[in-house]
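Note sheet for the following structure.
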Amino acid sequence: MQAQAVRTVAAGVLLPASLLVLWQVAAERGWIDALFFPRPTDIVARTWEHVRDGRIVTDSEITLKRLLLGFVLGAAPGIVLGLAAGTTRFIRALLYPLASALYVVPRIALLPLALVTFSIGDPARVFMVAFGVFFITFFGSLSAAEQVERNHVDTARAFGASYHQVMRSVIVPGASPSIFTSLRVAMGVALIVIISVEFLASNSGLGSFIWRRYQIFDFPSMYSGIVAVTVLGVAINALLLMLERSLLPWRR
Amino acid sequence: MTILVRPRARASWSPHAVEIAGLSVRYPGPGSVLALEGLDLAVAAGSFHAILGPSGCGKSTLLKVLGGLVRATAGEWRIAGGRRPAYVPQGNSCFPWLTAEANVAYGLWVQGRPRRERRAVARALLASLGLQEFAESYPHQLSEGMRQRVAIARAFAVNAPLLIMDEPLSALDFQTKIQVQGELLRLWSDRQATVLYVTHDIDEALTLADRVSVLSGRPGRLLGTIEVPFPRPRSYRDVRNQPGYPDAFRQLFELLEERSA
Ligand SMILES: Nc1ncnc2c1ncn2[C@@H]1O[C@H](COP(=O)(O)OP(=O)(O)OP(=O)(O)O)[C@@H](O)[C@H]1O
Ligand SMILES: [Mg+2]
């Protein structure tokens, strides 16, 4: 059991570790241009400097705040309306056409509109994240609600459960595994959106950090920004998984 | 405003727990299916009444009509006392996200009963089915036979005068089936409830039931009802030694064959 777990982790680490070693060797031997691809050890050293002088920490906090705020503001109505549309024909008929149309608009194309609507500032950035997250969780929750086993809904109704009781005791728990999946997908998109928005329209946050280092050709620092984004993404994903495990103890 | 209060009909006034007359059900839609047609059936109060019929003849549909899940297209039906029957659906119907105890207590939760009562009722039923150690287990941690016991306990928990059960033991192996049959009969006679029980197993019907009705192939109609005169308490084994057994078996077998004729 223990040995099995160790082997699984080792297998997962093998590929990235070999790639890093290859990168290191290639940069040292001059096989690749060290300006654009600095040695991983240099990137680590630079990242550590930025952590110590606090710049990357501050920018991470700013990005995290925008990301989480937008995520919650998009996911909460997305889940509620998605479940409502998945269980009520009228609400589905009302929302589905508009939502499907808006869903295909490339999200970043809305940035100018968001900027003029909310004036410059965090509300526009948070809105961009929320907008992307909303549609993913809306459609995710809608189909999750529709796919809840008919037998379970029927059982609840036969015992006399009201709409709200069916919702609470069957639809929400039955849909929650798929909802969590859509939340993880939405988080990936949210991260892309916030970094892109910060590239284009922000003086703070990790996106801006990366973009400014790129413009002055400070590639080791640019990579340390990318490292920070990756760490952020992995940490949030792990957090979502932990939340899912503790909220859904009945899953195998 | 005047409110007229009418005395409710009581179950004990009627010899029948369920009366069904001319019941037809057509599932609408493109592949419209006539599942039941002109079905007549009467279930005596306090009896154990089994329904046999070929696959797809509308047995589940019949129970769903009584459970309020499917609307009748034509005909009438009536449950004495008007109380909602307790339902054991076909297949795996335990809620995977609830523990065994919470599954059993589900109907009481719907009725808004206090937690202490729900817990006491569920624990007692689980204990009487030999599942006391599994109260906190989730369905995926239970065996198929345990899950079916939970579904049966969930139906008995609401203490309804009528229980409708849809092939609750069909997924079980022979030994477990015989054991749960015994537990089911004991609960039924303790509660003095009426049970309408769908099965496709002639021996099971003869072991459990006072009467057995046979439905035709789709659309389901009543082909006939036989009385099962064997004394109680019964068990799978001694039912087969009853002098009337071969005759009863043959009658049911022939009624089931009629569908193809
Ligand atoms: N929701 C539905 N929509 C359309 N047709 C249905 C629906 N449910 C059942 N049917 C059809 O109605 C007929 C009767 O189905 P039902 O489930 O009542 O049969 P059954 O006697 O319980 O069969 P089995 O012994 O296999 O459980 C079948 O032909 C089935 O295809
Ligand atoms: Mg059936």
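Keep in mind that the numbers below use all heavy atoms, side chains included, and drop hydrogens, waters and symmetry copies. Labels below follow one simple rule: chain letters A, B, ... track the order of the sequence lines, proteins then strands, and each chain is numbered from 1. What you see is a predicted model, and the numbers here were worked out from it, not measured in a lab.
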Please look at B:Pro85 and chain A and tell me whether the side chain, the backbone, both or neither of the residue comes under 4.5 angstrom of a heavy atom of that chain.
backbone

What is the ring orientation for A:Trp250 with B:Trp97, classed by angle as parallel under 30°, tilted 30 to 60°, or perpendicular over 60°?
perpendicular

Is A:Asn151 close to chain B through its backbone or its side chain, or both, or neither, when contacts mean heavy atoms under 4.5 Å?
side chain

Within a reach of under 6.0 Å around CD of B:Glu136, are more than 12 heavy atoms found that belong to other residues, nucleotides or ligands?
yes

What closest approach, in Å, do A:Arg251 and B:His140 show between heavy atoms, and which atom pair accounts for it?
C-CE1, 4.2 Å

Just verifying a value: how many Å separate B:Tyr106 OH and A:Thr155 OG1, rounded to the nearest 0.5 Å?
8.5 Å

Only heavy atoms, only distances under 4.5 angstrom. Which residues in residues 157-177 of chain A are near chain B?
A:Arg157, A:Ala158, A:Phe159, A:Gly160, A:Ala161, A:Gln165, A:Arg168, A:Ser169, A:Val170, A:Pro173, A:Gly174

I would like to know whether B:Asn92 and A:Glu149 meet side chain to side chain contact (heavy atoms under 4.5 Å, CB included); could you show each step before the answer?
CA-CA 10 Å; B:Asn92 193 354; A:Glu149 266 184 59; over 6 Å; no

If I compare all heavy atoms of B:Ser93 with all of A:His152, which pair ends up nearest, and what's the gap?
O-CD2, 3.7 Å

Against chain A, label B:Gln141 side chain, backbone, both or neither, depending on which of its atoms sit under 4.5 Å from a heavy atom there.
neither

Got a sec: does the CZ of B:Arg186 have more than 12 other heavy atoms crowding it under 6.0 Å?
yes

Identify the residues of residues 131-142 of chain A whose heavy atoms come closer than 4.5 Å to a heavy atom of chain B, ordered by number, or report 'none'.
none

